[in-house]
Number of protein chains: 2
Amino acid sequence: MSRRASSKNETDTSDLDVRKATILQAVVVEHIDTAQPVGSTAVAASADLDVSPATVRSEMVTLEREGYLAQPHTSAGRVPTDKGYRYFVDHLKSGVLGEAQQVQISDFFKSVRGEVEGVLEQTSIMLSQLTNYTSVVVGPSHSHSSILSVQLVNLDSRHHLLVTVFSDGSVTKHSVLPTIEASHVEVTEASRQLNALLIGTTLDSRVQVPSRDDHVAILVRESVSVLHAQKPTTDGEQVFIGGSSRVAEAFDGVETVRKVLSILEQELLVVSLVQDILDQGLSVAIGSEHGFEPLSSCAVIVAPVTIDGEPAGAVGLLGPTRMKYREAMAAARVVSEHLTNHFANEEDHA
Amino acid sequence: MSRRASSKNETDTSDLDVRKATILQAVVVEHIDTAQPVGSTAVAASADLDVSPATVRSEMVTLEREGYLAQPHTSAGRVPTDKGYRYFVDHLKSGVLGEAQQVQISDFFKSVRGEVEGVLEQTSIMLSQLTNYTSVVVGPSHSHSSILSVQLVNLDSRHHLLVTVFSDGSVTKHSVLPTIEASHVEVTEASRQLNALLIGTTLDSRVQVPSRDDHVAILVRESVSVLHAQKPTTDGEQVFIGGSSRVAEAFDGVETVRKVLSILEQELLVVSLVQDILDQGLSVAIGSEHGFEPLSSCAVIVAPVTIDGEPAGAVGLLGPTRMKYREAMAAARVVSEHLTNHFANEEDHA
DNA sequence: GTTAGCACTCGATTCTACCGAGTGCCAAGA
DNA sequence: TCTTGGCACTCGGTAGAATCGAGTGCTAAC
């Protein structure tokens, strides 16, 4: 069972009676399938409540008044609203993935190997192929992991490279362009001191830099300051987006497609969006629930990935509000679990 | 003046007479502007050849017969063919960028700093904002630069990370999972030996690995093999694509948009496409000239970037065949020059 | 070679009619 | 009170006809 919105839906525990719920569900299912407004006759036929279309109709009037359904225009069928989808999703029995897909995912994680980045990128591609939706895979932020090793390498006498290895296996590099010209020996010594200084610390830690004025000390100081100067916006978050071309299929209207694509280009935005949704304790954000206007015709499914029980990224799927929630949610959940396992097993190697 | 196709157009030096050329150009310009078929009257009015529409018409018949123009249907105006665009581009006086844009580019390169990757990514975003087309920036392949430093770091006793720094400032990391369990001291020693072994070599070089059977030797062997196992497909090429959302504006027809986007997702494909075009000595590939069916409604503009006179990547722009060649080519050229300078100046720091 | 004149083509636009899916309402039945 | 069949009504979508007009190709005269 999926998590529920905490605040919004609390006020609205007005659980619909069984029949209304069935009707709503029928409308949602049908509309997801056909992308067309759904009429009373179709509902009466599909759902196995033995009532006439007329009855369905009068119920639909109520559902519309309560905000679960909407009519594109008089004399058209009904279409679910965001609220309608929300009810549907909240009452969705957690779906089970098809046999074939289960296997596909397992096979993928059996065969995948290599660096975290590679795995995450591959995963995002796989997930999008699996679901036909655009996928988002957010990797762990390494801002809290400690430094395992630092090395200052000189490219030329004025231009050095500071390579840092973190305990989570990530590596960063930073240019260091000191004001002074350092000899090879001095660089090596600075590198040694940096190691002594930084190993075991995190980027948040304050370290005691030498205040002397010799070349080595200057190198050390400048290196540390470059390393610590990481903007909180960058934060080492990594995000991989798979199947952005799916956006073109999922939405009609060039303008919508353009808007969504241009959001996806701004990776920081995507990360914070996913993070927001997770923070709200949701697993799906429908329409305007995430309060992000340009994506108001989208639904975003997220599932957290953990390492040692700590949140360490997430996988997500982005589609139209009329997406196939059951399958997509199941896929996201299963993949996130596999990913969590994958990382846990790597640890186990120890 | 732009470069010309070498083989194709050699056979076809049938330079159009002045009037035909003028008419062709007028059609191209107008169609680029309006996206509509262009009629004889419009041409007669726009181009400053003092002839009647009737004359233009009879010329257009010839141009059509010779394959420069096409008619969507009888009684519509003419539309340029790929060949028509090709002629237009080949006879385009190299455009000059607007003042504002010149400034924008200069400012960008004045303020940009940091790692190569960052610069290239930023550049791709800037270029796409500048032109309103999707941009492609291909970074230098580091497969031929030599190794400056190697370091083996152990994450845990069974899981090591091999971090390699290359002379061009790029850094790679590789997981090394040896069959044996090595002590901290052994890892350090292996790291030392790897440095001695690899510094100054390139990835193509063959190195003499120790054949002994102790832990250190095994670590060294496995590290070298992991490092050298880079698939030629990956090759360390890096590509940055900016403004993929522009695709949605540039093409009509969902299917086209989807196709183009899905090509852009396959970065290796993009790199080889750009490379192909450069290898052909072209600066623009129009329609099917690049022999790549899914992009047959696109034009691709490329401009090489060099370091020390050696090819080191390229910048590109992708748009519809009816793109604003003059401006876009100028932008690509100017940006590629700036980029070339940017890298040259970094060297100068030495 | 150029051009005015003219008949012709054919996509795009507009208008009309009309079909039909679907509604809301009501009155009769359970 | 709830359900349901009946019925008038709405209104988007489609099909067809009429029309418009941009643009052509051709021809005959300059």
Side-chain angles (χ1 to χ4, degrees), chain A residues 16-81 84 252-253 322, chain B residues 16-81 84 252-253 322:
Chain A
L16 300 172
D17 69 59
V18 180
R19 201 170 63 187
K20 285 205 186 60
T22 316
I23 291 174
L24 174 55
Q25 186 181 327
V27 172
V28 172
V29 169
E30 185 75 9
H31 182 255
I32 285 176
D33 197 46
T34 63
Q36 299 290 326
V38 183
S40 54
T41 342
V43 172
S46 84
D48 34 41
L49 25 78
D50 287 321
V51 280
S52 76
T55 315
V56 173
R57 234 145 31 206
S58 74
E59 293 284 50
M60 294 212 291
V61 176
T62 324
L63 283 168
E64 184 171 0
R65 199 165 39 227
E66 290 175 2
Y68 294 98
L69 293 179
Q71 242 179 334
H73 55 87
T74 349
S75 95
R78 299 311 206 287
V79 160
T81 59
D252 30 25
R322 49 169 281 275
Chain B
L16 300 172
D17 68 60
V18 180
R19 201 170 62 188
K20 285 204 185 62
T22 316
I23 291 174
L24 174 55
Q25 186 181 330
V27 173
V28 173
V29 169
E30 186 75 9
H31 182 255
I32 285 175
D33 198 46
T34 63
Q36 299 290 327
V38 184
S40 54
T41 339
V43 172
S46 86
D48 34 42
L49 23 78
D50 287 321
V51 280
S52 74
T55 314
V56 173
R57 234 146 34 211
S58 74
E59 292 284 49
M60 294 212 293
V61 176
T62 324
L63 283 168
E64 184 170 0
R65 199 165 39 225
E66 290 175 3
Y68 294 98
L69 294 177
Q71 243 179 330
H73 55 85
T74 347
S75 96
R78 298 312 205 288
V79 161
T81 60
D252 30 25
R322 48 169 282 275

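Numbers restart at 1 for each chain; the letters A, B, ... are given by sequence-line order, proteins then strands.
The distance from atom CD of B:Gln36 to atom P of C:dC10 is 19 Å, rounded to the nearest whole Å. The distance from atom CE of A:Met60 to atom P of C:dA21 is 15 Å, rounded to the nearest whole Å. Atom CD in B:Gln71 sits roughly 17 Å away from atom P in D:dA22 (whole-Å rounding). Put simply, CZ on A:Arg57 is 14 Å from P on C:dA21, counting in whole angstrom units. The CD atom of A:Glu59 sits 10 Å away from the P atom of D:dC2 (whole-angstrom rounding). For B:Lys20 and C:dT2, the NZ to P distance is 10 Å, given to the nearest whole Å. The separation between A:Asp50 atom CG and D:dT4 atom P is 9 Å, rounded to whole Å. Protein atom CZ of A:Arg78 is 15 Å distant from nucleotide atom C1' of D:dC11, rounded to whole Å.
Distance from the side chain of B:His73 is smallest for C:dC10 among the nucleotides D:dC26, C:dT23, C:dC10. Taking the side chain of B:Thr74 as heavy atoms from C-beta on, and the options C:dG24, C:dC10, D:dG12, the nearest nucleotide is C:dC10.
Applying side chain to side chain contact (heavy atoms under 4.5 Å, CB included) to B:Tyr68 and the options B:Val28, B:Leu24, B:Thr62 leaves one that passes, B:Leu24.
Side-chain to base pairing of A:Ser75 with D:dT10: one donor and one acceptor N or O lie within less than 3.5 Å of each other.
Judged purely by atom type and a 3.5 angstrom limit, A:Thr81 has no side-chain atom pairing as donor or acceptor with the backbone of A:Ala70.
B:Asp17 CG: more than 12 foreign heavy atoms inside a 6.0 Å radius.
Counting non-hydrogen atoms under 4.0 angstrom, A:Ser40 reaches the backbone sugars and phosphates but no base.
With rounding to the nearest 0.5 angstrom, the NE2 atom of A:His31 is 13.0 Å from the CZ atom of A:Arg78.
When the nearest nucleotides of DNA chain C are assigned to A:Glu64 and B:Ser52 by heavy-atom distance, the more 5′-ward of the two goes with B:Ser52. Place A:Thr41 and B:Arg19 on DNA chain C by their nearest nucleotides, and B:Arg19 ends up nearer the 5' end.
Between B:Met60 and B:Val27 there is a side-chain heavy-atom pair separated by less than 4.5 Å.
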